[in-house]
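Working notes for the structure below.
Any value given below was found using the heavy atoms of this structure, including those in side chains, with hydrogens, waters and symmetry copies removed. Atoms within each ligand, like the ligands themselves, are counted from 1 in listed order. Because the structure is predicted, anything quoted here is derived from the model rather than measured.
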Amino acid sequence: MIYPVIRLNIPLNEREMNNFPSVLEAISDLNIDQIEGLLILARKFKERPSDSTIFTNHRPIVANSFLENSTRTKTSFAIATTKLGCRYIDFNAETSSLKKGETLHETLRTLSCQGIDLCIIRSAESFILSKFKKSPPMKLINGGDGTNQHPTQALLDLFTLLEVEPNLKGKKIAIIGDCIHSRVGNSLCELLPMFGCKVILMGPKEFLPSFPPNQHVTLSTDLDKEMGSIDFLYTLRIQNERHTNSGSMLIDNYSKDFGITLKRMNKHGLNIPIFHPGPVNIGIEIDQEIINSPYYMGYEQVKNSIFMRMAIITTMLQNNDKSVGSFNENRLQSKL
Ligand code: NCD
C-alpha cells in the first residue's frame, strides 16, 4: 500500500522524496536532495515532537528483523515507528523459520502477504538486500549488513555533526579505528564528502584499506601527527566478532596509539567533538573520562537517531513505488 503524502509545509523537493528508494541499502542509493530532505524532516521531528504522529487513519505495519545483535539501532527504529503512529512488529529471527532453513527471500514474501509494509533488516552478511532491489517484497531498510553499510547510522551522524557545525565544507573528520571491518565507516566515507567534509581514515595499517575508497578520503597510521589539523574525531568500535586471532593481537597496543583520552586531547590542546556509534569498548577506543566529558557526542547521536529514523521511515512509506509487493499480483495474473 502507498500511504498518502502528509504535507509538512516545509521546503522538501517533493519529486525527489517521492522517488525515494524502496530498498535503502547504501548511501549511494540516495541523492543529495533526498538526503537534505531527510535532514529537514528530522529537524522538524526534533523541533515539533507533538506533530510526530503522521500516520493516523491508515497505520502501516513496520517490522524489525535483526539477525545480529543490537541495542541502539533496533530500539530507535522501534521508537521511531511507534512515535509516527505505525504498528510495530518485533520479528524474532532467532525463533523464526529462518532457523528451519527458510530463505530470507521466502520469509520476506510471507511477511509481505501478512501486510507488513516495511522491514528493517540487520545481518552479518554483506549485500544481503541487493537481491531485493529489482522487485522488493516490501519496503526495506538496511540496519547494518556485515562489513558493508549502515546508512541510517551515517545519516543520523551527519544530522548530529550539522548541529555542531552547520557548514562542513573544508572541515576534516578523522575516522579512527577498525576501518576495514566497519560498515559505519564505509557509509560515512560516502556521505560526508557529499557535504564537502574531508575524511581521514586512521588506525593501525591492519585496520585500514589498501587504498582510500574515494578521492575525498586519505589514510594515516599516525594519529598524534594528524591530530592538530582535525575538526572532529569519529571513533569506531573494534569489531572483535569479525576478527581472526591475528586481529585481536593488535588490540593490546591499540589504545596506546589510537585510544582517545583526556590526556591525549590536552596534549594537543584539542577541544573538539568526539563521536562514536556505540557500543564503545571503554578504555580501548575512548576512555570513561571522555564519555563523561562535554566532548563526547555519543548520547547526542543516540537521541538524534530517533528523529532521523522517523524521517527515513516516513519518506519511505510515502514514496510512489508501485513495484513493491508486485511479486504477488504478477503471480496471480499469470495464473489467470
Ligand atoms: C554499529 C553497528 O552495529 O554497525 N552500531 C550501531 O549500529 N550503533 C557499530 C558497531 O557495532 O560497532
Sub-3.5 Å N/O-N/O distance, P277 and ligand 1: yes
Contact check, G143 vs ligand 1, heavy-atom distance below 4.0 Å: no
- prompt: When you check the gap from the basic side-chain N to the acidic O, do R242 and E68 get nearer than 4.0 Å?
  reply: yes
query: For ligand 1, which part of P279 has a heavy atom less than 4.0 Å away: the side chain, the backbone, both, or neither?
result: side chain
- prompt: Of the protein's non-hydrogen atoms, which lies at the shortest distance from atom 9 (C) of ligand 1, and what is that distance?
  reply: G278 O, 3.5 Å
message: Only heavy atoms of Q239, strictly under 4.0 Å: list the atoms of ligand 1 that pass.
response: 10 (C), 12 (O)
message: Measuring from non-hydrogen atoms of E68 to any atom of ligand 1, is the shortest distance under 4.0 Å?
response: no
- prompt: With atoms numbered from 1 as shown, which atoms in ligand 1 lie under 4.0 angstrom from a non-hydrogen atom of T73?
  reply: 6 (C), 7 (O), 8 (N)
task: Pull out every atom of ligand 1 sitting under 4.0 Å from any heavy atom of Q153, numbered as shown with elements.
output: 6 (C), 7 (O), 8 (N)
query: Using a distance-only test with no angle check, is there a side-chain donor-acceptor pair under 3.5 angstrom linking D178 and H243?
result: yes
message: For K83, give me all partners under salt bridge (Lys or Arg N to Asp or Glu O under 4.0 Å), at least two apart in sequence or on another chain.
response: none
task: Could I get the full list of side chain to side chain contact (heavy atoms under 4.5 Å, CB included) partners for D224, not counting sequence neighbours?
output: D222, M227, R264, K267, H268
query: Is there any N or O on R237 that sits under 3.5 Å from an N or O of ligand 1?
result: yes
Atom 3 (O) of ligand 1: the protein heavy-atom neighbour that sits closest, reported with distance to 0.1 Å: R183 NH2, 2.9 Å
message: Between L108 and C119, is there a side-chain heavy-atom distance shorter than 4.5 Å?
response: yes
- prompt: Has K198 got more than 12 heavy atoms of other residues, nucleotides or ligands less than 6.0 Å from its NZ?
  reply: no
- prompt: With distance as the sole criterion, is a donor-acceptor pair present between the side chains of N69 and K74 under 3.5 Å?
  reply: no
